[in-house]
Colleague: 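Please read through the structure below; I'll follow up with questions.
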Amino acid sequence: MLQVKKRDSWGSRLGIIMSVAGSAVGLGNFLRFPAKVASNGGGAFMIPYFVSLFLLGLPLMWIEWTLGRFGGGFEHSTAPGIFHSIWRKNRFIKYFGVIGIFGPLIIFIYYIYIESWTLGYSIFSLLGKYRNLTDQATMQSFLKGFQGLEKNQFFESLGWAYTFFVITFVLNIVIISYGIKGGIERICKLAMPLLFVCALVLLIRVITLGTPDPTKPSWNIFNGFGFLWNPDFSALRSAKVWLEAAGQIFFTLSVGIGVILTYASYLSKGDDVVLSGLTAASTNELAEVILGGSIIIPAAFVFFGPQEIQSIARSGVFNLGFVTMPLVLNKLPLAQIFGFIWFFLLFLAGITSSVSLCQPAVAFLEDEFNLSRKRAVLLFGLISFVLCQPTIFFLKNGLVDELDFWGGTFCLVLFATVETILFAWILGMENAWSEIHRGADLVIPRTYKFVIKYITPLFLFFILGMWFWQEWLPVIMMKGVSVQNRIFVLATRWGLLSIFSILALLVKIAWRRKKLNS
Ligand code: PFF
């Protein structure tokens with residue numbers, strides 16, 4: 001006899017809002033965003049950023065909440081099942097849904113490793129391990145030693161980084177094993193307020209920095225904020241700036257990848273999605289633009305000046321967070337405490353995001369293969385642990401960039417396009433509009449009906465088209481990849497293709513089994 005499993009659910013409305021906001025507020029807010037702003041000419045970046053927020057980010061937030069809740073009504077928590085419930089006549093649509101499991105898994109593989117560095121650094125800071133380092137070169141060497149990229153006076157091997165990785169990994173798996181209400185919701189309700197307190201403490205410290213070097217009066221905190229906010233309109237002509245801004249919006253809001261779809265599937269049919277989605281998105285933007293943008297950039301500006309932050313940011317997203325920021329904090333009294341607060345803030349932001357990345361794969365195994373949560377989590381844990389290894393051991397060979405590109409950029413835009421078409425054109429805008437507003441506490445302005453139907457998909461097609469036009473060939477030909485890294489990048493691509501194919505095969509098997517059982 002087929003056993004009917006009780007579906008997991010959220011404990012409270014605040015719980016799901018905190019959890020979606022927890023997924024959204026992450027390393028992307030405090031590391032990726034400042035690096036993007038600084039390397040794209042400061043304030044100019046904010047115009048395409050806000051345009052993308054209103055034309056892509058918000059619509060997709062609402063689309064995912066609505067589609068997720070819709071799919072949950074059919075006992076599906078992941079994209080293959082949800083897409084199939086919307087377009088039953090199309091046999092292939094469920095395979096597009098595979099991206100909604102594949103993407104989060106790929107992001108998880110590298111995201112969790114970076115998250116584990118923040119745990120390590122928070123402890124190093126408390127212990128004063130890098131307290132005496134005062135210049136870029138030694139701090140950089142500290143980071144490289146930790147990552148196992150060079151032997152130096154601080155680290156002889158990858159041992160510490162690996163230990164922190166294992167701790168972080170196990171923590172994530174334990175949280176997930178407690179389920180939606182008992183695990184994810186509980187940790188997010190705890191971590192989110194704490195995260196905001198840490199960020200506020202740092203924000204106040206940064207605002208009160210004044211002009212630390214009197215010989216350079218223009219390197220003051222006002223100009224630091226000006227660097228972020230003064231728009232340079234000429235940057236708007238660059239297609240790259242637009243693509244990067246749109247990519248950042250997807251990444252930061254966790255939309256276009258299937259995670260929010262999965263979270264929303266545990267809602268009940270009459271639960272509000274309009275106000276909840278808006279609240280989660282606003283919380284993320286507050287954390288990103290106000291907190292994320294106001295800590296690292298102005299602080300780096302007053303100590304290093306406008307020229308140098310641009311070049312630091314361009315030299316890699318980690319340098320700003322793991323090299324510049326500890327250096328800045330080392331110049332202040334109570335450096336060890338502030339350093340701890342900075343890295344612990346990153347860790348809290350990271351963990352509430354990484355658990356969300358696990359949930360689609362776990363939910364897929366639970367729903368479509370009827371596995372118990374324990375078994376699903378165990379299987380996910382074993383497989384993802386193995387998949388994390390290449391990122392750790394071949395960090396210097398460009399694996400993170402490769403995974404971030406396919407999992408954290410390309411898949412997002414592709415998946416968002418499929419979701420928008422399904423929502424606005426297959427479900428139909430009239431049905432979609434009433435589905436969004438079922439149980440809603442707020443009415444979305446009617447202009448969004450037009451935006452979601454025409455502007456959002458056109459914008460997405462434009463981005464995809466531009467990408468194919470400008471980047472397809474260079475990416476495929478691995479232009480810009482050093483000769484010694486090519487083999488690693490190629491192996492990563494084959495690996496990704498294999499993972500995708502296996503997931504697609506699992507979808508096929510699941511559907512065949514269901515057909516036989518019905
Ligand atoms: N939004 C997270 C961040 O800003 O760090 C990253 C992320 C989490 C992206 C979950 C995608 C996702 F599904």
Side-chain angles (χ1 to χ4, degrees), residues 18-37 49 52-53 56-57 60-61 64-65 68 77-79 99-118 172 175-176 184 187-188 191-192 195 199 244-265 280-289 291-293 296 317-318 320-321 345-364 384 400 403-416 419:
M18 286 269 207
S19 304
V20 173
S23 169
V25 177
L27 303 177
N29 298 54
F30 297 97
L31 294 180
R32 202 177 193 260
F33 173 75
K36 291 271 173 219
V37 181
Y49 178 88
S52 303
L53 171 66
L56 296 176
L60 272 152
M61 193 54 117
E64 287 208 9
W65 278 74
S77 286
T78 48
I99 308 172
I101 303 163
F102 171 81
L105 176 66
I106 301 308
I107 301 178
F108 179 75
I109 292 171
Y110 66 88
Y111 196 91
I112 189 152
Y113 188 41
I114 301 165
E115 179 185 321
S116 74
W117 302 349
T118 65
N172 273 266
I175 294 170
I176 283 292
I184 297 177
I187 190 78
C188 289
M192 288 302 283
L195 178 162
E244 299 233 339
Q248 177 60 20
I249 282 295
F250 281 119
F251 190 85
T252 188
L253 288 175
S254 302
V255 294
I257 199 70
V259 161
I260 291 175
L261 211 58
T262 298
Y263 272 9
S265 75
S282 316
T283 310
N284 180 67
E285 288 315 303
L286 176 84
E288 176 143 303
V289 179
L291 302 177
I296 206 167
V317 64
F318 306 129
L320 215 46
L345 153 76
L346 291 183
F347 179 68
L348 292 174
I351 197 159
T352 52
S353 298
S354 56
V355 290
S356 77
L357 291 161
C358 307
Q359 188 58 27
V362 170
F364 175 69
S384 61
V400 169
L403 296 176
D404 185 47
F405 175 72
W406 293 108
T409 312
F410 183 73
C411 276
L412 304 192
V413 184
L414 192 63
F415 189 75
E419 282 180 317

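Along the sequence shown, residues carry numbers from 1. Reckoned from all heavy atoms, side chains included, excluding hydrogens, waters and symmetry mates. Start at 1 and go down the list; that is how both ligands and their atoms are numbered.
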Colleague: Report yes if some N/O of Phe251 lies less than 3.5 Å from some N/O of ligand 1; otherwise report no.
Modeller: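 N/O-N/O distance under 3.5 Å: yes.
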Colleague: Please compare Ala21, Gly26, Ser254, Gly100 and report which has the shortest non-hydrogen distance to atom 11 (C) of ligand 1.
Modeller: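 Heavy atom nearest to atom 11 (C) of ligand 1 belongs to Ser254.
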Colleague: Is there a nitrogen or oxygen of Val25 sitting under 3.5 Å from a nitrogen or oxygen of ligand 1?
Modeller: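 N/O-N/O distance below 3.5 Å does not exist for this pair.
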Colleague: Is the contact between Leu357 and ligand 1 made by the side chain, the backbone, both, or neither, using heavy atoms and a 4.0 Å cut-off?
Modeller: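 For Leu357, only side-chain atoms sit under 4.0 Å from ligand 1.
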Colleague: Mark up the atoms of ligand 1 that fall under 4.0 Å of a heavy atom belonging to Asn29, in ascending order.
Modeller: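 Those of ligand 1 that fall under 4.0 Å from Asn29 are 4 (O).
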Colleague: Would you please determine whether Ala24 falls within less than 4.0 Å of ligand 1 on a heavy-atom basis?
Modeller: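 A heavy atom of Ala24 does come that close to ligand 1.
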Colleague: Please confirm whether the backbone N or O of Ser23 pairs with a side-chain atom of Ser254, one donor and one acceptor, at under 3.5 Å?
Modeller: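 Yes; judged by distance alone, with no hydrogens or angles, the pair exists.
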Colleague: Hey, is the main chain of Gly256 close enough, under 3.5 Å, to the side chain of Glu64 for a donor-acceptor pair?
Modeller: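 Confirmed, Glu64 side chain pairs with Gly256 backbone.
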Colleague: Mind checking whether Ser23 has an N or O less than 3.5 Å away from an N or O of ligand 1?
Modeller: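 So ligand 1 has an N or O lying under 3.5 Å from an N or O of Ser23.
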Colleague: Please check: side-chain N/O of Ser354 versus main-chain N/O of Phe108, any donor-acceptor pairing under 3.5 Å?
Modeller: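 No; judged by distance alone, with no hydrogens or angles, the pair does not exist.
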Colleague: Show which atoms of ligand 1 fall inside a sub-4.0 Å distance from at least one heavy-atom site of Leu27.
Modeller: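 Contacts of ligand 1 toward Leu27, numbered from 1: 5 (O).
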Colleague: For Thr352 and Ala349, indicate whether the former's side chain and the latter's backbone hold a donor-acceptor pair under 3.5 Å.
Modeller: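 Yes; at least one donor-acceptor contact below 3.5 Å.
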Colleague: Would you call Tyr111 a ligand 1 contact, heavy-atom distance under 4.0 Å?
Modeller: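 So Tyr111 counts as touching ligand 1.
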Colleague: N/O to N/O below 3.5 Å, does that happen between Ile107 and ligand 1?
Modeller: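 In this structure, Ile107 places no N or O atom under 3.5 Å from an N or O of ligand 1.
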Colleague: Evaluate Val289 against Phe33 for side-chain contact (heavy atoms from CB on, under 4.5 Å), listing each step before the verdict.
Modeller: CA-CA 8 Å; Val289 179; Phe33 173 75; 4.3 Å; yes
Colleague: Do side-chain atoms of Tyr111 reach the backbone of Leu27 as a donor and acceptor pair under 3.5 angstrom?
Modeller: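 Yes; at least one donor-acceptor contact below 3.5 Å.
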Colleague: Does Ser384 use its side chain to pair, donor to acceptor, with the backbone of Ile109 at less than 3.5 Å?
Modeller: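 Not a single qualifying donor-acceptor pair exists.
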Colleague: Would you kindly specify which portion of Ser356 sits under 4.0 Å from ligand 1, judged on non-hydrogen atoms: side chain, backbone, both or neither?
Modeller: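 For Ser356, the contact with ligand 1 is made by the side chain alone.
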Colleague: So does Gly258 get a backbone contact from the side chain of Thr262, meaning a donor-acceptor N/O pair under 3.5 Å?
Modeller: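 Checking the backbone N and O of Gly258 against the side chain of Thr262, a donor-acceptor pair under 3.5 Å is found.
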